[in-house]
Amino acid sequence: MGRRTAVVTGLVAVAVLAGGSAVPASAGRTVRDPQQQTLRGLAERHHLAVGTAIDVAALDDPAYRQVAATQFSSVTAENVMKWETLEPVRGRYDWAAAEEFMAFAEANDQLVRGHVLVWNNQLPSWLTEGVADGSIDTAELREILHRHITTVVQHFRGRIWQWDVVNEAVTDSWDSTGGAIGYKGFWYQHLGAGYVADAFRWARAADPKALLFYNDYNIDAFGDRGPLDKTAFVHRMVKDLRARHVPIDGVGSQAHLSTRYGNYSAFQIKEMLDGFAQLGVATALTEVDVRNQLPDNPTGDTLNPLLQAQAYNYSALMQGCLASRHCLSYTVWGFDDAHSWTNTWDFGSGVGKEAMAAVLDEDYQPKPAFRALQADLAWSGPPMVLPRVPQRPIR
Ligand code: XIL
């Protein structure tokens, strides 16, 4: 992290510089107005990586590239490291898009979060269809998973900071499974819960240095710790994995939030992050965005309260992360409203469109959430906020 420098060349910064001015500091030094500084630069003092998901197709747009390169010290491939993209035809890996992404990260001195090795979604059809029609049996499926993890992790060996090894393995309280939280999905149904430990062991064998993460949504805060508390379930799962010496180094809370729900305070976020840290693992906020339920004919009067609520949520997550020393990175799932996945994803329950989830608007201009993140990073420090504690991969 120390090798990173603050570069104020992004479009956002340029736009702001026009009206900005230096503010005098009491120490006699002149410090720059935080609004003129990048998230990446502001976070350096905390040894915190600030990341974004990258839409590789959007890298053709110079303005998108510029913001992605300057504001962030970490990047995650939004889609191009998923199994359906890497191995569309059985046995034939296509690394082209993933390598375009890696080249961008390496050119901009950015840490990479590898996403994702084992997930129920975006699997290649040869795999899901082969299992469905019985031509791939359980023993072969397990071997296919072993081979995939080994191939992908070895391919990128030494270039990935954090790997999302297993993603979204656990049910929600509103899933129609009835009763308590438990395991879910394609891999659980066919291989049983043991695939989780296997996946971490196989990933470790393929790269001894990457930090290996479990990643999930709706684990932003503890609930009542009862049978419907997903965060508590994941906490027990990680505790059990550590007790069995499974090489899990971190837990990622995706943090896809919406202002239509009552959300969490910075204290609740910190409590969740500290809870995992007490198990000996690092933490990260891996896919932060905050959706707004859009009114039919939006006006300033109807949008402004939503933008303020959105800023509050982004900020609570940032403050919670800053306050928990094992929270290593804060990654947004896209940085501008034009490219956010929330524009096309259906978040259900018939409430109309939920979008405008990013920190910059569709012209890459700062929204209140972006200003809140700058302020949180700028105006925090000892004694309550201390630099991150680096995590060493466990064997
Ligand atoms: C999303 C991408 O943003 C979309 O472009 C894609 O169509 C679907 O997947 N949890 C995850 C991410 O772990 O991989 C998902 O990304 C968002 C939810």
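These numbers come from a predicted model, not from an experiment. Counting starts at 1 for both ligands and their atoms, in listed order.
- Between the side chains of Tyr64 and Asp55, no donor N or O sits under 3.5 Å from an acceptor N or O.
- Among all non-hydrogen protein atoms, the one lying nearest atom 2 (C) of ligand 1 is Glu78 OE2, 3.5 Å.
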Problem - Phe370 and Tyr314: CA distance, side-chain angles, deciding distance, ring-ring contact (aromatic ring centres under 6.0 Å, His included) verdict - result: CA-CA 8 Å; Phe370 185 84; Tyr314 269 101; 10.0 Å; no
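- For the residue pair Gln162 and Gln391, no side-chain donor N or O sits within less than 3.5 Å of a side-chain acceptor on the partner.
- Contact annotation: for Trp119 versus ligand 1, heavy atoms closer than 4.0 Å belong to the side chain alone.
- Contacts between Asn167 and ligand 1 below 4.0 angstrom, taking non-hydrogen atoms only, involve the side chain exclusively.
- Linking Ile, Leu, Val, Met, Phe, Trp and Tyr whenever their side-chain heavy atoms come within less than 4.5 Å leaves Tyr312 and Leu39 in two separate clusters.
- Within the 4.0 Å heavy-atom cutoff, Tyr217 does not count among the residues contacting ligand 1.
- Residue contacts with ligand 1, taken as heavy atom pairs separated by less than 4.0 Å, involve Asn79 solely via side-chain atoms from C-beta onward.
- Ring to ring, Phe347 and Trp341 are close: their centroids are under 6.0 angstrom apart.
- Relative to atom 7 (O) of ligand 1, the option among Trp345, Trp341, Trp333 with the closest non-hydrogen atom is Trp345.
- Residue Glu168 approaches ligand 1 through these ligand atoms, each under 4.0 Å from one of its heavy atoms: 10 (N), 11 (C), 13 (O), 18 (C).
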Practice task
May I have the step-by-step check of salt bridge (Lys or Arg N to Asp or Glu O under 4.0 Å) for Arg159 and Glu106, ending in yes or no?
Solution key: CA-CA 9 Å; Arg159 302 157 79 195; Glu106 284 159 8; 3.0 Å; yes
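- For atom 8 (C) of ligand 1, the closest non-hydrogen atom of the protein is Gln122 OE1, 3.5 Å.
- The nearest heavy-atom contact from the protein to atom 11 (C) of ligand 1 is Glu287 OE1, 3.0 Å.
- Remark: minimum distance from atom 1 (C) of ligand 1 to any protein heavy atom is reached at Lys82 NZ, 3.7 Å.
- Ring centroid separation for the pair His339 and Trp333 does not come in under the 6.0 Å cut-off.
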